[in-house]
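These numbers were taken from a predicted model, which means no experiment stands behind them.
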Amino acid sequence: MSLQLTRGAQCGDTNLRNYYGGNWASFSFSGLLSWLKEYQENGDIVNESPAWQEQILENEEAIALSRKDKTIQHVEVFCYASRDLHEDVEEAGALQKNHASVTSANSTEAADSACLPTENESLSTVSCEMPIEQTPSSDPESALEVNDVEETGEKENHCDDKTCVPSISEEKSSENVPTAEDITEQPKKNRITYSQIIKEGRRFNIDLVSKLLYSRGLLIDLLIKSNVSRYAEFKNITRILAFREGRVEQVPCSRADVFNSKQLTMVEKRMLMKFLTFCMEYEEHPDEYKAYEEITFSEYLKTQKLTPNLQYFVLHSIAMISERASSTIDGLKATKNFLCCLGRYGNTPFLFPLYGQGELPQCFCRMCAVFGGIYCLRHSVQCLVVDKESGKCKAIIDQFGQRIMSKHFLVEDSYFSENTCSHVQYRQISRAVLITDRSVLQTDSDQQISILTVPAEEPGTSAVRIIELCSSTMTCMKGTYLVHLTCTSSETARGDLEPVVQKLFTPYAETEIENEEIEKPRLLWALYFNMRDSSDVSRNSYNDLPSNVYVCSGPDCGLGNDNAVKQAETVFQQICPNEDFCPPPPNPEDIILDGDSLQPGASESSAVSEANSETLEGSTNLQNSEEASE
């Protein structure tokens with residue numbers, strides 16, 4: 001038996017919170033506010049007398065675990081959208097009716113009426129009830145109730161780039177959800193308000209970590225191999241953008257895009273295609289790059305007869321690597337990886353899971369549960385119990401004083417106390433989540449999914465990665481966009497990211513003139529926070545860990561998921577050295593657990609089949625696409 005301890009259960013046994021995924025989770029809008037409230041209260045925890053010490057025997061010793069989750073810091077929330085001064089504003093389908101706590105950036109009166117702090121107040125000074133919302137990535141005890149709401153209220157909305165068929169619940173609230181025509185023809189009447197965001201909060205699925213899936217990346221291959229992909233649907237990223245000379249423009253990356261581009265001259269098109277062709281085969285021509293291995297990829301590009309325009313596109317929108325720190329080999333590998341991923345599922349290399357990145361941990365949890373995995377939410381752990389003679393961990397003691405025995409223990413880094421982590425040096429990730437009223441680059445379609453990289457301007461800072469999601473990804477309400485910003489931290493998240501936000505967006509203002517044309521998208525709501533990055537921490541950095549305790553890190557700052565897959569496989573091979581990692585599962589109907597004549601999973605299997613038959617229009621099923629390509 002193996003036991004995994006996470007802040008949000010992934011493929012393990014016990015966790016402290018009431019949702020799956022830890023820092024990989026996704027939340028509805030009010031669920032996110034509740035998560036923020038938890039972190040506010042988490043900072044006020046006072047360590048009580050450790051009663052569990054009385055249960056430690058003479059031949060045992062204990063490794064105390066931390067009750068505080070310190071992976072999230074410097075949280076700041078701002079609301080720019082106007083607030084309707086109506087009482088009892090409530091999210092549609094919400095289980096409880098409370099007020100949300102955010103920082104108001106435009107109306108002190110509105111803030112006072114709804115228990116909202118003024119602009120100069122920090123989140124930690126607020127004492128307001130937040131709606132306790134359960135999302136698809138939360139409490140399994142109310143899973144049926146939540147799923148019913150989601151299926152009738154969201155999954156019946158079959159949206160693609162051209163059409164959208166509203167569900168009954170959407171028609172009832174249509175007056176609160178502006179259409180594209182209404183936004184353009186009646187800009188003032190149909191402005192998104194904070195009340196609308198609250199009411200349509202279940203339309204949002206907001207990721208704590210922002211990532212994409214490379215179409216030929218390790219995670220896609222693992223999802224297909226393990227058959228976990230049957231639990232998820234995906235959308236293609238429709239375009240790759242660049243921010244240059246103060247404006248946003250689309251980057252041609254496929255052959256068709258290059259030759260159809262109006263941004264490039266004919267000479268530039270030939271230059272770019274010649275260079276990209278070389279990158280695909282660079283390993284076969286070492287003489288072309290061996291002399292440049294010691295310089296950065298940015299300097300190497302200057303030697304390749306590429307115009308400054310092409311150098312910018314290749315460095316920041318195709319290779320997507322650091323201008324100052326990445327070598328020539330790093331750049332060639334990244335460019336080749338980008339090009340190899342083109343065309344497998346669409347015109348860009350990237351996929352995004354419907355309902356957010358937080359769906360993926362749930363997919364693996366669901367497969368694990370079908371084959372006997374057990375999860376305990378809201379179940380904290382006090383300590384690890386170590387046998388002095390063998391030096392191995394033999395059990396944990398939970399919040400009820402109960403011992404749970406196991407042979408192997410997988411522990412998320414955030415569980416370890418300061419004593420265990422006294423020699424660990426962590427990096428930080430700066431994150432921002434924005435709700436806006438339109439895309440950073442408007443086109444005829446309002447259902448674009450985009451990735452944009454804004455280069456670092458000062459030494460010591462990092463490029464900012466921006467992923468913009470439309471409503472067809474099932475992550476935001478109609479008429480809005482959900483924008484994720486990510487970079488490696490050099491200071492607080494707001495300090496790192498706010499300059500980029502100010503370049504691309506303009507805060508909503510009550511005083512806007514009715515016919516005034518706003519060049520930038522309006523910013524309706526913003527969240528900034530720093531997240532711990534423990535992905536590169538060596539196990540040897542932790543003090544006195546038993547050999548059968550394995551450490552799991554949280555999310556890293558990279559765009560893809562290869563690091564998480566490699567880490568999972570490494571730990572699996574240490575525990576089960578002679579087993580195949582995530583092999584294709586047998587048919588659930590054919591499995592008998594522990595001699596039980598029952599056949600668990602039969603109803604699960606049929607439910608999955610029914611779910612797969614109701615694929616959202618315009619979405620991608622990995623297995624079906626793979627079979628079609630073969």
Side-chain angles (χ1 to χ4, degrees), residues 23-24 26-27 29 32 35-36 72-80 102-103 105 204-212 237 239-244 246-248 316-317 320-323 350 352 356-358 427-441 448-458 460-470 473 475-476 480-508 520-533 554-560:
N23 283 349
W24 299 85
S26 301
F27 298 97
F29 185 74
L32 182 67
W35 175 80
L36 293 173
I72 305 296
Q73 296 179 328
H74 308 300
V75 178
E76 298 182 73
V77 186
F78 299 91
C79 180
Y80 300 94
V102 296
T103 299
F204 290 89
N205 284 288
I206 301 173
D207 295 323
L208 295 184
V209 59
S210 177
K211 289 181 175 289
L212 298 176
I237 304 304
R239 59 186 183 176
I240 296 170
L241 306 178
F243 183 76
R244 189 161 182 252
R247 56 194 174 92
V248 178
H316 297 296
S317 300
M320 297 184 187
I321 58 174
S322 169
E323 183 174 353
F350 305 112
F352 181 79
Q357 177 81 18
R427 295 182 299 184
Q428 295 288 326
I429 303 169
S430 289
R431 289 276 293 117
V433 179
L434 314 177
I435 300 175
T436 67
D437 68 340
R438 59 186 171 92
S439 175
V440 293
L441 183 62
Q448 298 282 1
I449 310 171
S450 312
I451 178 172
L452 164 66
T453 302
V454 178
E457 291 188 347
E458 300 178 3
T461 61
S462 301
V464 176
R465 181 177 71 244
I466 301 172
I467 297 176
E468 183 184 68
L469 306 172
C470 61
T473 62
T475 59
C476 58
T480 66
Y481 285 81
L482 188 66
V483 183
H484 292 274
L485 290 82
T486 307
C487 74
T488 300
S489 299
S490 57
E491 51 177 304
T492 66
R494 185 182 176 192
D496 285 333
L497 301 174
E498 191 172 50
V500 175
V501 173
Q502 291 173 343
K503 290 178 182 178
L504 294 172
F505 307 96
T506 183
Y508 173 89
K520 301 177 183 178
R522 280 188 289 253
L523 181 59
L524 304 173
W525 186 85
L527 163 67
Y528 298 93
F529 63 93
N530 289 94
M531 177 184 289
R532 178 190 292 177
D533 180 358
D556 65 331
C557 195
L559 175 60

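- Using modelled atom types, one finds no donor on one side chain facing an acceptor on the other under 3.5 Å when comparing T475 with N205.
- Residues Q73 and R532 have side chains not in contact (no heavy-atom distance under 4.5 Å, counting atoms from C-beta outward).
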Inset, instruction - Check step by step if side chain to side chain contact (heavy atoms under 4.5 Å, CB included) holds for L208 and F27. - result: CA-CA 8 Å; L208 295 184; F27 298 97; 3.8 Å; yes

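- Heavy-atom minimum distance, C470 versus I449: SG-CG1, 3.8 Å.
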Inset, instruction - Please report the C-alpha distance between F78 and L523 in whole Å, then the side-chain angles of each, then the deciding distance to 0.1 Å, and finally whether the side chain to side chain contact (heavy atoms under 4.5 Å, CB included) criterion is met. - result: CA-CA 10 Å; F78 299 91; L523 181 59; over 6 Å; no

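- Across every non-hydrogen atom of A493 and S430, the tightest pair is CA-OG, 3.5 Å.
- Listed for the T453 side chain is a donor-acceptor partner under 3.5 Å among the backbone atoms of H316.
- The CG atom of L241 sits 8.0 Å away from atom OG of S317, with the distance rounded to the nearest 0.5 Å.
- Using a 4.5 Å cut-off on side-chain heavy atoms (C-beta onward), I467 and T486 make no contact.
- When all heavy atoms of T488 and S462 are compared, the closest pair comes out as CB-OG, 3.5 Å.
- Side-chain contact between L434 and Y481 is absent, with no heavy atoms from C-beta onward closer than 4.5 Å.
- Atom CD1 of residue I321 and atom CG of residue L559 lie 13.0 Å apart, to the nearest 0.5 angstrom.
- Legend: residues meeting salt bridge (charged side-chain N to carboxylate O under 4.0 Å, His left out) with R244, ordered by chain and number and at least two apart, are absent.
- Put simply, the side chain of L524 does not reach to within 4.5 Å of the side chain of Y80, judged on heavy atoms.
- Every side-chain hydrogen bond (donor to acceptor under 3.5 Å, both in side chains) that E498 has, sequence neighbours left out, goes to R494.
- Contact of the V440 side chain with the V483 side chain is not registered, since no non-hydrogen atoms from C-beta on lie closer than 4.5 Å.
- R465 meets the salt bridge (charged side-chain N to carboxylate O under 4.0 Å, His left out) test with no other residue; sequence neighbours excluded.
- Atom CD1 of residue I451 and atom CZ of residue F350 lie 5.0 Å apart, to the nearest 0.5 angstrom.
- Put simply, the side chain of R431 never gets that close to the backbone of C487: no donor and acceptor are under 3.5 Å apart.
- In this structure, T492 and Y528 have side chains that are not in contact, with every pair of non-hydrogen atoms separated by 4.5 Å or more.
- Minimum interatomic distance between P521 and S439 (heavy atoms only, all atoms of both residues): CG-O, 3.3 Å.
- Not one N or O on the side chain of D207 forms a donor-acceptor pair closer than 3.5 Å with the backbone of G356.
- One finds the CG atom of N530 at 8.5 Å from the CD1 atom of I72 (value rounded to the nearest 0.5 Å).
- The closest side-chain heavy-atom distance from L441 to R239 is below 4.5 Å.
- With a 4.5 Å cut-off on side-chain heavy atoms, I435 and F29 count as touching.
- Residues V433 and H484 come closest through the heavy atom pair CG2-ND1, 3.9 Å.
- Expressed to the nearest 0.5 Å, how far CG of L469 lies from OG1 of T480 amounts to 10.5 Å.
- For the atom pair NZ (K520) and CZ (R438), the distance works out to 11.0 Å, reported to the nearest 0.5 Å.
- The residue from D437, T436, T506 that alone fulfils the side chain to side chain donor-acceptor pair (under 3.5 Å) condition with R522 is D437.
- Heavy-atom minimum distance, S490 versus G460: CB-O, 3.7 Å.
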Inset, instruction - Decide yes or no on side chain to side chain contact (heavy atoms under 4.5 Å, CB included) for L36 and L527, but give the supporting numbers first. - result: CA-CA 10 Å; L36 293 173; L527 163 67; 4.0 Å; yes

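- You'll find the ring centres of F204 and W525 outside the 6.0 Å limit.
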